[in-house]
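Handing you a structure now.
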Amino acid sequence: MKMKISKGSPWRQPLALVGISILAFWIILAIFAPLIAPFDPLAQDSDALMNPNHLHWLGTDSVGRDIFSRIIYGARISLPLAILLVFLSIIVGSIIGGLAGYFGGWIDSTLMRFADIVLAFPGIILAMAVSAALGPQLRNAVLAVVLVAWPTYARLVRSLILSSKDSDYVTASRLLGSSTRRTLLVDLRPNISGSVLVLGALEAGNGLLLLSGLSFLGLGAQPPSAEWGAMVSAGANNFEKWWIGIFPGIAILTAVLAFNFIGDTLRDALDPRTAKALRN
Amino acid sequence: MNELLKISNLSVEYHRNGRKLRAVAGVDLTLAPGEILGLVGESGCGKSSLGKAIVGIEKPAEGEIRFNGNLVKPLDRRGRPTELRNLQMIFQDPYGSINPRRKIGDQIADGLIVAGKPKNEALKISAELLEKVGLGASALDRYAHQFSGGQRQRIAIARALAASPTAIVADEPISALDTSSQAQVSNLLVSLVQEFGMGVIFISHDLSVVRKISDRIAVMYLGKIVEIGTTEQIWNQPSHPYTRALISAIPKADGNSNMPLDLPGDVPNPAFPPAGCRFHPRCPLVQVGCESSVPEIRTLKDGRGVACVLQTSNEIVVPLETIKGR
């Protein structure tokens, strides 16, 4: 997808700039973590539970690990996982939703009943059940989140396909000789990919939250991993030492916000009509 | 006659709430190369359903369509067979018939790419086609929303041309356009027919445009063709009472302040068509027997076909004034 970042492009809107800046900030921290972090994120120190000070900018946790360094290293875990989650969910959801919407009939009924079953559970409960059943591991937590997340994409893709598969432009393309495969991938995909990407960017925040939630509950990243959710969990055990939980929480908050802002911008940028309107 | 399209006893049915709606009820038509056949009738008379069935979008309930002798099969999950790809359609709504998210050039090139042309060559031909319909090659990289309704309809025509059509069904191609675009698009169609010699079925409710561009006119009422003949015959000497009513309903700026002839009643619900001649409840010349016997299309000695019991003697028996003086 080619996008020109000209003047008046949606990417120049203030929220877009904030979102991109925050995400860029986290990406740079993640890439250069060893250069930026003042301490080893796993190194324990006798200075446990220290207030934020000139040495440990964000304080230390109950075993004396530097929270600032752990948050920086945490970006290396949380951000790639958020993107991986979205990627896997989009693939699973689009295939299932696309087939259901285009072919209809029993294919549609069968596939969408599975989606309904998943959607009938509160996401975190189902994700907990699945990751508990598979064993508390980060990989299993990711699978659990994908299992919870795909129906959202499937329903979106299905409804988009349903609303455009009988449109005149699809019929025109089929009259020209396009196969079903070509109709789906060439004629319908551009009308879907924008909305799916927007949903993906918005859901990236949710996925990150859910994964952090699982880690918080002890089902995701395991100690001593510097995953943000697990760090918030550690803070919850030590409530009066506010810095242990607050700072990783802020990290999660900013990353989720950044994904949401970028999602909104993506929506505007991918729609030729709004992109044009903003330019005028 | 050299038959490009031959439509025999074609019926199209829709099923809604367990009820059967016969939108097209046994239509026979032929189309010759280089000919524009105007298909006219009121809204809801089944002319769009007929058009869609002819290209294979709607599945016929009865009858068949043959294009160059090949049976036109309805579109299915397999791609359209090569021998039917020269039978194309232009849709009524130029806002719905062009993909809003794909470049115009890519959409026109589709027809060439599925036919096996490499992409760059397909785009070059698409640019030529855009020039042909009066838009510059600069349209290639633009999107549908950057064009007006008339321009979009010309893009839709260029896309149909990419399949080198020998027959085109144009389903109300100008009714969504403003008057100046209507003239441009209908003139474009005429010039393309003259250049490429394809046959066109031009569906419209606008008799005055149909008269200007058509070689023959078929008049449809409630799913049946009631009269078919040359434009000259239909326009100057309409024979069927419905055709007469349609033509007299065209407002004329002749200063006579004649109000158009008003047909009593409305078009009946096609789900419950009247028995016998479908036009009899509104017919000003209704005869005993019209309510029970279905009139078949008869060929008069001037070559036109009419489905009316009054036309039994191969003559146009009822003078026009009979209705006019009512």
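Reminder, nothing fancy here: chain letters follow the sequence lines and each chain counts from 1.
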Item to check | side-chain contact (heavy atoms from CB on, under 4.5 Å) between A:Asp168 and B:Tyr95, intermediate numbers included | outcome: CA-CA 9 Å; A:Asp168 285 346; B:Tyr95 292 86; over 6 Å; no
Item to check | B:Asp110: salt bridge (Lys or Arg N to Asp or Glu O under 4.0 Å) partners, not counting sequence neighbours | outcome: A:Arg182, B:Arg102
Checklist entry - Quick one: what part of B:Ile98 sits under 4.5 Å from any heavy atom of chain A, side chain, backbone, both or neither? => result backbone
Item to check | Which portion of A:Phe103 sits near chain B, non-hydrogen atoms under 4.5 angstrom | outcome: both
Ignoring hydrogens and angles, write down the donor-acceptor pairs under 3.5 Å from the side chains of residues 120-134 of chain B, residues two or more places apart or on other chains.
{"residue": "B:Ser126", "atom": "OG", "partner": "B:Ala109", "partner atom": "N", "Å": "3.4"}
{"residue": "B:Ser126", "atom": "OG", "partner": "B:Ala122", "partner atom": "O", "Å": "2.7"}
{"residue": "B:Lys132", "atom": "NZ", "partner": "B:Glu195", "partner atom": "OE2", "Å": "2.9"}

Next on the checklist: Check whether B:Arg80 reaches the backbone of A:Leu175 with its side chain - one donor and one acceptor, N or O, closer than 3.5 Å.
Outcome noted: yes
Next on the checklist: Using 0.5 Å steps for rounding, measure from the OG1 atom of A:Thr180 to the CG atom of B:Asp76.
Outcome noted: 7.5 Å
Item to check | Minimum heavy-atom distance B:Pro100-A:Tyr169, with the two atoms named | outcome: CD-CE2, 3.7 Å
Could you pull out all donor-acceptor pairs under 3.5 Å where a side-chain atom in residues 111-127 of chain A meets a protein atom, sequence neighbours excluded?
{"residue": "A:Arg113", "atom": "NE", "partner": "A:Asp116", "partner atom": "OD2", "Å": "3.1"}
{"residue": "A:Arg113", "atom": "NH2", "partner": "A:Asp116", "partner atom": "OD2", "Å": "3.1"}

Item to check | Distance, nearest 0.5 Å, that separates CZ of A:Arg174 from CZ of B:Arg77 | outcome: 9.5 Å
Next on the checklist: I'd like to verify something: which residue of A:Ser164, A:Ser173, A:Pro190 has the highest number of heavy-atom pairs under 4.5 Å with chain B?
Outcome noted: A:Pro190
Checklist entry - Around atom NZ of A:Lys165, are there more than 12 heavy atoms of other residues, nucleotides or ligands at under 6.0 Å? => result yes
Checklist entry - How about A:Arg155: does its CZ atom have over 12 heavy atoms from other parts shown lying under 6.0 Å from it? => result no
Item to check | Part of A:Ser178 within contact of chain B (heavy atom distance under 4.5 Å) | outcome: both
Checklist entry - Taking only heavy atoms into account, what residues of residues 151-176 of chain B are found under 4.5 Å from chain A? => result B:Arg159, B:Ala163
Item to check | Region of B:Leu84 in contact with chain A, defined by heavy-atom distances below 4.5 Å | outcome: neither
Checklist entry - Of the listed residues (B:Gly111, B:Gly96, B:Pro81, B:Ala115), which shares the most heavy-atom pairs with chain A below a 4.5 Å separation? => result B:Gly96
Checklist entry - Between A:Val186 and chain B, which part of the residue has a heavy atom less than 4.5 Å away: side chain, backbone, both or neither? => result both
Next on the checklist: For a quick check under 3.5 Å, do B:Asn99 and A:Asn191 share a side-chain donor-acceptor pair by atom type?
Outcome noted: yes
Next on the checklist: Using side-chain contact (heavy atoms from CB on, under 4.5 Å), reason through B:Gln88 and A:Leu176 one step at a time and then give a plain yes or no.
Outcome noted: CA-CA 7 Å; B:Gln88 285 296 319; A:Leu176 288 171; 3.7 Å; yes
